[in-house]
Each structure stands twice: as structure tokens, then as C-alpha cells.
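To start, the structure under review is shown below, and the notes come after it.
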2 protein chains.
Amino acid sequence: MPIRLKDLAMKTGYSISTISRALLGYKDVSSETRQKIKEAAKKHDYYPYQSARQLRAGKTYVVGFLIPTYGMRFSDPFFIELLTGIGDGAAAENYDVLVGTSPEGGSEIEAYKRIVAGGRVDGVIITRTKKSDKRVEYLLKAHIPFVLLGRTSDKPDVAFIDIDSKSGIRLLTEHLIKIGHRKIGFITSPDGLVFTQYRNEGYREALKNSGINYNPAFIKAGDLTQETGKILGLELLKQQNRPTAIVAANDLTALGIYSAANQLGLKIGSDISICGYDGIALAENAHPSLTTIQVPIYEIGRQLFDMLYKIMNNRPLKQRQILLPPQPVIRNSVGPPQKKEKQG
Amino acid sequence: MPIRLKDLAMKTGYSISTISRALLGYKDVSSETRQKIKEAAKKHDYYPYQSARQLRAGKTYVVGFLIPTYGMRFSDPFFIELLTGIGDGAAAENYDVLVGTSPEGGSEIEAYKRIVAGGRVDGVIITRTKKSDKRVEYLLKAHIPFVLLGRTSDKPDVAFIDIDSKSGIRLLTEHLIKIGHRKIGFITSPDGLVFTQYRNEGYREALKNSGINYNPAFIKAGDLTQETGKILGLELLKQQNRPTAIVAANDLTALGIYSAANQLGLKIGSDISICGYDGIALAENAHPSLTTIQVPIYEIGRQLFDMLYKIMNNRPLKQRQILLPPQPVIRNSVGPPQKKEKQG
DNA sequence: TGTTTAACCGAAAACGTTTTTGTAATATTA
DNA sequence: TAATATTACAAAAACGTTTTCGGTTAAACA
């Protein structure tokens with residue numbers, strides 16, 4: 001049975017209120033008694049009972065984070081890196097992280113309601129923003145602090161961190177063009193997501209700037225999983241006039257294309273060039289190492305919490321909207337196209 | 001501002017207590033009024049305020065899960081699969097999951113104390129059990145329900161799910177021996193972890209049964225990360241008399257060995273055979289596909305929550321200790337040793 | 001010395017829910 | 001009809017904390 005203020009009161013001889021105020025650092029308790037009380041608290045392993053503290057003070061010291069799981073075999077390492085960043089940031093301020101899995105159906109918003117309207121969290125971190133995001137609408141209406149990983153199109157004032165993924169994909173595509181590629185495939189992400197639009201634009205822009213025609217046969221819409229990456233990679237690469245390079249919407253998809261290329265006996269980096277996006281740990285250690293946009297996932301997680309923390313506690317926030325420049329990392333998965341396949 | 005019982009009382013004309021009891025399904029409220037109250041609750045999006053409910057009823061409807069992060073770049077997909085399993089199981093029973101990151105230092109136990117003694121959770125799920133686990137000791141003393149993923153050596157009665165990883169590693173090693181390998185390396189896990197012991201035993205047993213000498217030069221102690229897998233893989237494979245096959249303590253380590261092998265120009269599956277353990281999604285799609293022990297991670301997550309749920313709510317539990325048989329999946333990363341290197 | 005001020009501490013209210021207890025009205029039984 | 005049981009609701013206590021308010025003692029001042 002954990003110890004409570006009442007027990008400390010019994011043991012020290014002070015009143016409950018004095019003990020509470022001593023521990024919270026109020027000034028109207030003598031440093032001498034504060035010392036004694038703190039020692040007693042430490043000695044008896046006192047930790048304030050959260051629900052009581054919450055009920056009285058109206059704060060939970062918990063932030064919510066819902067993992068966007070589509071289907072059950074969900075294992076994007078991106079999210080565990082992000083989550084550890086968020087978790088470490090939270091721990092540094094004595095906050096906790098409430099994690100939920102948002103079911104695939106339309107009941108996603110229901111999961112948010114339970115957490116928010118149930119008063120379980122002081123703030124929320126949202127990822128994989130959608131074009132007009134129901135979650136954002138709800139959180140605005142509920143007046144609860146939140147930050148986004150990724151922009152939204154329709155709400156201009158919300159706090160977010162995002163990578164300029166339009167430039168990111170453009171840079172990768174331009175690099176491919178520069179080293180001689182003309183037939184560049186693209187496996188994109190689901191249509192509803194905001195970053196899908198930016199990444200598509202980056203791809204098209206690079207082609208356009210170099211006067212390369214947009215070929216719909218080279219575009220496939222994926223779902224950010226490795227399995228789908230493989231399937232769509234096979235579709236792209238089995239074509240008669242196949243692309244010599246493929247840009248993928250994320251690293252996991254790119255690794256799926258690795259499988260496809262290997263299955264078809266294509267040497268990655270020469271027969272076929274492949275680019276990813278995210279810079280998960282696996283990208284660096286893949287064989288060959290994967291060219292990608294290096295996203296500082298862990299740091300973004302920490303920073304997301306920091307922003308949220310400041311919003312929740314009405315601290316001044318230097319920047320409400322942070323757009324990070326993309327950091328391309330050219331590795332061995334790309335190389336100039338094979339001679340016999342090269343063509344304008 | 002979310003709606004509360006008081007507001008519903010105002011709107012419906014019933015008392016707070018009647019409304020509470022109607023919503024909770026008590027029988028001393030007429031079905032007619034219950035109907036009206038439920039409609040009003042739904043209409044106004046009522047969700048009970050958790051901290052008040054907790055304070056009164058003494059239950060949080062939250063389970064705790066601390067991710068064992070060693071160092072910052074932590075990205076084992078194993079844990080995101082496990083977490084989604086736990087999360088989905090919890091969601092099905094209207095529970096939430098509080099996730100913390102346990103810092104690397106000795107303050108790990110501190111993170112547990114804050115969560116447990118602070119009354120933030122009704123139960124805890126623990127992974128990567130250690131030989132004499134401080135966390136287990138603490139949780140037993142605190143009388144809070146918990147379940148383990150992995151056994152402990154010293155406490156016989158605790159609830160757990162585990163894979164028989166001794167048999168698992170033994171089966172993999174035996175398979176390697178069966179197809180002709182005699183020089184089999186082993187990259188194991190940190191010494192403190194319980195499963196390290198079992199896996200080591202499995203390896204040694206397989207060697208012993210086949211009369212193969214235990215060669216300390218073929219054994220390296222890793223930390224379950226890909227980076228270390230690569231480093232130790234290089235150490236093993238650069239030796240004069242290198243092993244023809246390597247068994248790794250987990251898939252991530254095995255994928256690290258992939259990097260090492262590729263760097264040295266060794267063809268995986270013929271020049272060098274590699275086995276992993278866990279069966280993460282990436283193992284199947286690696287090139288070549290990774291031979292491993294397929295662990296049903298997601299299902300284990302769900303089952304862990306189910307066990308914990310029953311313990312927390314005093315429901316009968318069929319089995320308090322579940323030891324799952326290992327499921328080897330032989331894929332293309334192993335093959336018979338090259339002729340010129342084969343030797344007894 | 002008498003009065004004001006500061007320092008220190010305790011009493012008690014409040015947060016929103018669940019649950020025990022109480023009570024009026026109605027139904028059942030003798 | 002009178003006594004009793006049942007039904008349907010309301011009142012109020014309780015959970016443990018924070019915080020407002022007030023009071024007592026001692027120090028400072030006139």
C-alpha cells in the first residue's frame with residue numbers, strides 16, 4: 001500500500017496542507033520544516049496520487065499519442081524512434097505518454113474523444129496529418145493543446161513541425177536526373193495524407209524542370225508498408241520499358257522495392273537505383289545502403305513534446321511552425337543508369 | 001469545455017447519482033429513464049472524467065509499459081509490433097496504455113515507482129526480464145498486478161509468456177549442423193537478460209549433441225542492435241579461420257551481420273549462413289530472406305494484456321505461465337557451407 | 001508597552017465521480 | 001385494511017490532493 005499525505009502527516013506531526021505545500025515549494029513553510037518533510041517523503045517513498053492531484057489541479061501531466069496502425073502487422077520503426085523521443089522529452093518534465101492505437105475504421109476520432117473528453121491528457125501529438133483532418137477540427141473545438149507532425153492544409157494557425165518534403169523528394173529526383181536517369185518511377189503514399197501531396201509535387205517539379213515527361217505508368221500509390229513496396233516495385237520493374245530508378249515515399253517502401261529488385265535479379269545501385277525517405281536506422285545498414293532523406297526522428301519527437309509543453313503551460317514559444325530543410329543522404333543504392341538502358 | 005454529470009443532471013432533470021447509476025447499468029433505475037439518460041449522454045458527448053472516477057473507484061483503467069531504450073537511437077521494430085498488440089488488446093477493454101522510456105541509468109526503477117506509487121496504472125507489462133529483476137521485486141512488494149514477457153530466474157510464481165528460446169536457438173543451430181556446418185558463430189545478447197542464458201544454453205547444447213567443440217573465438221556478446229551486429233559480425237568474419245555460419249540473438253543483430261558480410265563480399269546463404277530470432281516483418285523481406293524463429297509478437301502483446309486484465313480484475317486465468325514452442329522459419333539466408341571451407 | 005507586520009502553519013473547501021444509505025411511492029401480501 | 005416488500009430515485013459521503021483563507025505566534029516598530 002503506497003504512502004499518502006495523510007500518512008506523512010501522522011509520521012511527521014505536521015498537517016496535510018503543510019506537507020503538501022512544503023513538497024510543492026511554497027514559501028510560507030520554514031526551510032527547517034521543509035527539510036524534515038522532504039526527508040520523510042523520500043524515506044517513505046512518497047509519490048503523489050495522480051488522480052487526486054489531477055482532480056484538484058485540473059492537470060494530468062500526460063500527453064496523448066495515437067499510433068496510426070493500418071492493419072495488424074504494423075511495424076514501422078519510424079514510430080518507435082519518434083515515440084522514444086517524445087517519451088524522453090516527457091520524462092524530462094515529469095510527464096507521461098498515453099499511447100493508443102487508432103483503429104483503422106472511422107472510429108479513429110472516437111479514440112481521441114475518449115482520451116480528450118475523458119480528461120486523460122493535457123495535450124495531444126498528432127502524426128500523419130490528413131488534408132482536412134477531423135482530429136484537428138475536434139481538438140480545436142475541444143480547446144485542448146496539440147501539436148502536429150506534418151502540416152494541415154486548411155487550418156493555418158496550428159503548431160507543427162514538418163520536413164519540407166516537397167524539396168526533399170525534388171532533391172532526390174534531381175540527383176537521379178543529374179546522374180543520367182530519365183525513367184524514374186515513384187511509389188507514393190496514401191492519397192489522404194498531407195505529405196503525399198507535397199512529395200508528389202516535388203517529384204513532378206523535378207521532372208518538369210528537366211523537361212522530362214510525366215509518365216503515369218511509372219507512378220504507383222502505396223501504403224508506406226514494406227509488403228506493398230515489394231508488390232508495387234514488382235509491378236513497376238516487370239514493365240517492358242521499366243524505370244531505371246525509383247523514388248519511394250518512405251524507407252520501408254524502398255526496402256520493399258529492394259526485395260522486388262532482388263527477386264528479379266536486378267542489382268541495386270546499377271541496374272536499378274532506389275531512394276527512400278525518413279532515414280530510419282535500417283536504411284543505413286541495408287545492403288546496399290539506402291539513399292534517403294535523413295529525418296532526425298528522435299529529435300523531432302523531443303521537440304514536438306517541448307512545443308506541446310510550452311503550449312500547455314502558457315510558456316512563450318519561439319516558433320509555432322517549424323519547417324525543417326530536407327537532408328539528402330546519397331548512399332550506394334543509387335548510381336548512373338546502365339548504358340544499354342540509358343535513353344533520353 | 002467537456003460536459004459532466006452535473007450538466008447532464010441539469011439537462012435531464014435527474015440527480016447526479018441516478019445518472020451515474022443509469023450509465024453504469026445499475027438495476028435500480030427504470031429502463032425508461034435509463035434510456036432517456038443514455039440518449040442525453042450520447043447526444044452531448046459525455047465521457048466520464050477519469051481522474052474523478054479513479055479517485056473514487058481506485059482504478060485507473062491504464063496499464064503501464066516501459067520501453068527498454070538503451071541509448072537514443074532506439075528503433076527495434078519488435079517493440080512497435082508488441083505495443084500495437086498491447087494497445088489493441090487494451091482498447092478492446094476500454095483500457096489505455098501508459099508508455100514510458102526507461103532511462104539507461106540505474107534510475108529505471110525510479111520510472112516504475114513514479115508510475116506505480118503515483119497510482120497512474122492498474123498493472124504493468126515488463127519486457128526483457130533480467131536474472132534477478134529489481135522491477136519484479138518492486139512490483140511484488142507494491143502488490144500491483146503485472147505480467148512478464150520472458151521468465152525470471154528467481155521468482156517462481158509470477159505470470160509470464162515466453163518463447164522456449166533455448167529450444168529455438170538449439171533448433172537453428174542443429175539445422176546448421178545438419179546441412180554441414182561445423183564452425184558456427186554466435187552473437188548473443190547482454191549478459192543480464194534472462195533469455196540470454198537460455199539462448200546460450202541452446203547453442204551449446206546443439207554443439208555438444210553433435211560433438212562439436214565450443215570455440216570461444218566464435219562467441220561475441222552484443223546488445224541486440226543492428227550497429228553492434230555489424231561490428232561484431234566483422235570481428236567474427238575477419239578471423240583467419242572464420243565461422244561458416246552465425247546465429248544471432250535477434251533479427252536486428254542478424255541484419256547487422258548482413259552488412260558485415262556484404263562489406264566483406266561474402267554471399268549470404270552460401271559463403272556465410274546467418275540466422276536471426278524474433279521474426280520481425282523486415283526479416284521476411286530482407287535479401288536474402290532471413291532464417292529466424294518466428295515469434296507471434298502482435299498476438300503475444302494481445303495475450304499479455306489479456307492475462308494482465310484477468311489478474312487485475314480477479315478473473316480466472318487458465319494459465320499463469322505460458323511457454324510457447326519456437327517456430328523456426330528456414331529461409332534463404334542459410335545454406336550448406338562452401339566446399340573448400342568445409343572441415344570437421 | 002501597545003500596535004502593526006511578517007512568518008508559519010492548520011482548517012476546510014473543492015475537483016467529479018462512485019457507492020452507500022435513505023426515502024417516498026407503489027405494489028404485494030396477509 | 002394494515003403490514004410489508006419492492007421500485008425508483010435523491011442525498012451525501014468518500015477518494016487524496018491543492019489551494020484559499022484564517023489564525024496564532026513572534027518579530028518589528030512606534
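Computed from a predicted structure; not experimentally measured.
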Would one find a side-chain N or O of [X] under 4.0 angstrom from OP1 or OP2 of [N]?
X        : N       : value
Ser15(A) : dG10(C) : yes
Tyr14(B) : dA11(D) : no
Arg53(B) : dT18(C) : yes
Arg4(B)  : dG16(C) : no
Tyr26(B) : dT19(C) : yes
Ser20(A) : dT17(D) : no
Ser17(B) : dA11(D) : no

Exercise. What do you reckon, is NZ of Lys131(B) surrounded by more than 12 foreign heavy atoms closer than 6.0 Å?
Worked result: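 Counting other residues, nucleotides and ligands, NZ of Lys131(B) exceeds 12 neighbours.
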Problem set entry | Atom CG of Asp157(A) with >12 non-hydrogen neighbours under 6.0 angstrom | no
Exercise. Which of these nucleotides, dC9(C), dG16(D), dC9(D), is closest to any side-chain atom of Thr18(A)?
Worked result: dC9(C)
Let me know the distance between [atom1] of [X] and [atom2] of [N], rounded to the nearest Å.
X        : N       : atom1 : atom2 : answer
Lys27(A) : dC8(C)  : NZ    : P     : 12 Å
Tyr61(B) : dG16(C) : OH    : P     : 19 Å
Lys59(A) : dG16(D) : NZ    : P     : 23 Å
Leu23(A) : dG16(D) : CG    : C1'   : 14 Å
Ile16(A) : dG10(C) : CD1   : C1'   : 11 Å
Lys6(B)  : dT18(C) : NZ    : P     : 15 Å
Arg56(A) : dT20(D) : CZ    : C1'   : 8 Å
Leu55(A) : dA13(C) : CG    : P     : 16 Å

Exercise. Sub-3.5 Å donor-acceptor pair from the side chain of Arg21(A) to the main-chain atoms of Tyr26(A), do we have one?
Worked result: no
For this session: Answer yes or no: is there a donor N or O on one side and an acceptor on the other, between the side chain of Asp162(B) and the main chain of Arg151(B), under 3.5 Å?
Result: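 Such a contact is found between Asp162(B) side chain and Arg151(B) backbone.
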Could you check whether [X] gets within reach of a base, just the sugar-phosphate, or nothing at all, counting any heavy atom under 4.0 Å?
X        : value
Gly13(B) : sugar-phosphate
Ser51(A) : nothing
Ser30(A) : sugar-phosphate

Problem set entry | Phe79(A) and Phe65(A) aromatic ring geometry - parallel, tilted or perpendicular at 30°/60° bounds |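 Phe65(A) and Phe79(A): tilted rings.
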Problem set entry | Most 5' of Val29(B) and Ala57(B) on DNA chain D, judged by nearest nucleotide |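 Final value for this comparison: Val29(B).
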Problem set entry | Most 5' of Arg21(B) and Tyr47(B) on DNA chain C, judged by nearest nucleotide |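 On the 5' side of the pair lies Tyr47(B).
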Seminar exercise, completed: To the nearest 0.5 Å, atom CD of Gln50(A) lies from atom CD1 of Ile115(B) at 10.0 Å
Exercise. Below 3.5 Å, does any donor atom in the side chain of Asp28(A) face an acceptor in the base of dC9(C), or the other way round?
Worked result: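 Yes, a donor-acceptor pair under 3.5 Å.
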